[in-house]
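Accompanying notes for the structure given below.
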Amino acid sequence: MSPTARYRMEAARVLFGTGMFKPERPDRALRALGTLRRWGSSPAAAYTVSAIRCPERVALVDERGTLTFAEVHRRTNALAHGLAAAGVRAGDGVAIMCRNHRGFVEATVACSKLGASQLYLNTAFAGPQIADVLQREAPTALIYDEEFVDLVRAGSEGMHRFVAWCETPAVDAGASPDAAAGTNGAGAASSSAVAGLGDPRLEDLIAAGDTSNLEPPAEHGRVVILTSGTTGTPKGAKRKQPDSMEPLAAMFSKIPLRAHETTVIAAPMFHSWGFGHFTLAMPLASTIVLPRRFEPEATLRAIAYHRASALAVVPVMLQRIMELPPETIARYDLSSLRIISASGSVLPGELATRVMDTFGDVLYNLYGSTEVAWATIATPQDLRAAPGTAGRPPLGTVVKLLDADGREVAPGERGRIFAANEMVFEGYTGGGGKEIVGGLMSTGDMGHFDAAGRLFVDGRDDEMIVSGGENVFPREVEDLLADHEQIEEAAVIGVPDEQFGQRLKAFVVTREGSDLDEPAIQEYVKQNLARYKVPREVVFVEELPRNATGKVLKRELSATG
């Protein structure tokens with residue numbers, strides 16, 4: 001049997017093991033099969049099939065209440081028709097700047113039904129960054145939450161704009177916080193006019209739209225998730241829809257998600273990890289519980305209330321949960337929780353151990369990037385045996401460590417991490433991509449394997465700082481600081497942080513007569529860049545250490561602590 005045949009057989013075994021192909025009524029099975037043939041592997045197909053197979057099952061829960069798969073199918077049909085009537089066509093780009101709620105899901109599925117590409121904007125970006133991204137990517141339409149109205153104002157002139165979520169409570173807000181996502185929040189506004197830009201709401205399009213089924217587009221839209229390039233400017237990493245469900249088998253081979261269960265997605269869905277869990281939930285017909293904002297105790301409340309089997313987080317969220325008093329954690333029945341899946345930044349071994357000591361051996365840690373999707377996954381057994389490990393490659397994934405000349409390093413030696421799987425990205429929307437050697441793509445990290453074949457990530461192979469799951473390049477912050485009229489020069493480094501993995505520390509040389517202090521500098525950065533790029537520490541120095549050629553010696557700055 002060929003390697004390809006063996007892989008496909010193993011992928012099929014894994015997929016069947018999730019329970020997504022259980023026996024069902026013949027008429028439903030035939031309709032579902034026909035839908036998959038016509039629509040392929042896409043969000044449109046997943047929600048349409050689930051509406052056929054389990055129409056009354058709850059598809060999602062948010063602060064407004066619940067929606068079944070049948071309701072999501074009808075509503076996204078109406079939304080797709082409404083967007084089309086407004087001028088959105090197959091192949092167009094639609095920017096989505098939303099927190100975790102039904103608007104994010106429905107916008108994604110409606111775009112998929114139209115064949116429009118989706119560009120997901122980071123809700124932590126500052127206005128200038130959003131304007132730059134929108135100008136570069138040139139989407140036809142923008143779907144945003146009302147709270148971001150001032151941030152999107154400058155960059156969205158001439159676009160079709162729609163509001164996904166409003167802060168004003170609605171009379172039909174539905175379930176209580178406990179019955180929804182376990183957080184306190186507001187629903188959609190009851191009026192069609194939204195403060196700020198006066199744009200229509202998605203709810204208006206849905207209420208007025210045609211709920212009939214659409215014809216599949218000639219080509220699936222792309223998904224574009226933003227990342228940071230070497231200059232620090234957010235880049236768009238584009239990825240096509242998979243041709244089959246085989247890539248999902250890689251995740252399911254390590255993370256035991258099962259059909260018709262419930263997942264709380266606390267990680268933001270504009271981020272590759274939150275979006276990944278949304279993608280994994282679709283073919284499983286899982287219920288997803290969507291808190292708009294992360295709050296530690298509310299997350300536990302949501303797990304207990306909904307009897308969730310899985311929780312998707314970034315490591316800093318685990319840190320905040322573990323900061324809760326033990327008696328607070330003990331207040332909630334979390335016996336349903338089989339999986340806590342983390343990714344996005346370094347998961348400290350000590351934190352992994354504390355999490356498993358508290359919640360049981362249910363922790364899974366994925367290592368990857370927006371570009372390569374995934375490289376390795378650490379199971380609870382891996383994390384117990386070797387705290388701090390990134391785990392082993394899942395099904396269908398190859399990971400190698402290469403030296404500077406592209407040769408594989410000897411066992412136990414450190415090398416640059418390269419990976420290959422079916423979901424590596426197609427390149428940046430502005431052109432270019434990551435280094436590829438022998439069909440393997442660089443993750444940008446250095447690492448080593450232990451004797452058992454578990455990967456350990458030793459750090460970046462460049463100066464990129466990863467803070468709380470977000471990528472930050474010092475140059476962008478340094479350039480901004482240097483533009484300040486009272487600052488002569490500045491250097492930024494990353495230093496270890498128990499909560500965020502790393503935090504930014506700025507060293508600043510001010511001009512004579514300056515009255516700047518640390519809060520003033522932090523506020524200046526906050527007004528111009530995303531909040532995760534704000535230095536947590538600012539040190540004022542007389543001069544920066546340099547070598548003979550004038551290059552700042554950041555190693556000396558790091559040595560100052």
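Treat the numbers as computed from the prediction; the structure is a model and nothing was measured. Only this structure's heavy atoms are used, side chains among them; waters, hydrogens and symmetry mates stay out.
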Below 4.5 Å, heavy atoms only, C-beta onward: do [X] and [Y] meet side chain to side chain?
{"X": "R136", "Y": "T429", "answer": "yes"}
{"X": "Q486", "Y": "D515", "answer": "yes"}
{"X": "I493", "Y": "F507", "answer": "yes"}
{"X": "D199", "Y": "H160", "answer": "no"}
{"X": "P296", "Y": "T299", "answer": "no"}

[atom1]-[atom2] distance between [X] and [Y], expressed to the nearest 0.5 angstrom:
{"X": "L114", "Y": "D92", "atom1": "CG", "atom2": "CG", "result": "9.0 Å"}
{"X": "Q135", "Y": "I130", "atom1": "CD", "atom2": "CD1", "result": "14.0 Å"}
{"X": "I339", "Y": "Y364", "atom1": "CD1", "atom2": "OH", "result": "6.0 Å"}
{"X": "L121", "Y": "F270", "atom1": "CG", "atom2": "CZ", "result": "9.5 Å"}
{"X": "N100", "Y": "H277", "atom1": "CG", "atom2": "NE2", "result": "12.0 Å"}
{"X": "I487", "Y": "S514", "atom1": "CD1", "atom2": "OG", "result": "7.0 Å"}

* Structure fact -> Contacts satisfying ring pair (Phe, Tyr, Trp, His ring centres under 6.0 Å) that involve residues 108-143 (not counting sequence neighbours) are F104-Y120, Y120-F275

Checking the side chain of [X] only, and the main-chain atoms of [Y] only, is there a donor and an acceptor separated by less than 3.5 Å?
{"X": "Y532", "Y": "V472", "value": "no"}
{"X": "E478", "Y": "V492", "value": "yes"}
{"X": "T76", "Y": "A110", "value": "no"}
{"X": "S117", "Y": "R222", "value": "yes"}
{"X": "T389", "Y": "G391", "value": "yes"}
{"X": "T262", "Y": "A308", "value": "no"}
{"X": "R503", "Y": "P535", "value": "no"}
{"X": "K526", "Y": "K533", "value": "no"}
{"X": "H271", "Y": "W273", "value": "yes"}
{"X": "S467", "Y": "Q502", "value": "yes"}

* Set of side-chain hydrogen bond (donor to acceptor under 3.5 Å, both in side chains) partners for D145, sequence neighbours left out -> H101

Basic-acidic side-chain contact under 4.0 Å: [X], [Y]:
{"X": "E147", "Y": "R99", "result": "yes"}
{"X": "E63", "Y": "R293", "result": "no"}
{"X": "E146", "Y": "R201", "result": "no"}
{"X": "K235", "Y": "E137", "result": "no"}

* Which residues satisfy the salt bridge (Lys or Arg N to Asp or Glu O under 4.0 Å) test with R320, sequence neighbours excluded? ->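 So R320 forms no salt bridge (Lys or Arg N to Asp or Glu O under 4.0 Å) with any residue.
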
* To do: Could you walk me through whether D62 and R102 pass side-chain contact (heavy atoms from CB on, under 4.5 Å), step by step?
  => CA-CA 7 Å; D62 64 9; R102 65 184 60 192; 2.9 Å; yes

* Verdict with reasoning, E371 to M441, per side-chain contact (heavy atoms from CB on, under 4.5 Å) -> CA-CA 8 Å; E371 293 89 350; M441 181 174 290; 4.1 Å; yes

* Would you indicate whether E543, at its atom CD, is surrounded by more than 12 heavy atoms from other residues, nucleotides or ligands within a distance under 6.0 Å? => no

* Count the heavy atoms belonging to other residues, nucleotides or ligands that lie under 6.0 Å from CD of E498, then report whether that count exceeds 12. =>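 12 or below, so no.
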
* Check the pair L529 / V534 against side-chain contact (heavy atoms from CB on, under 4.5 Å), numbers first and verdict last. => CA-CA 8 Å; L529 299 175; V534 177; over 6 Å; no

* What heavy-atom pair brings F425 and A237 nearest, and what distance separates the two atoms? ->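 Closest pair (atom of F425, atom of A237, distance): CD1-CB, 3.6 Å.
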
* Could you walk me through whether N365 and I377 pass the side-chain contact (heavy atoms from CB on, under 4.5 Å) check? -> CA-CA 6 Å; N365 181 42; I377 300 175; over 6 Å; no

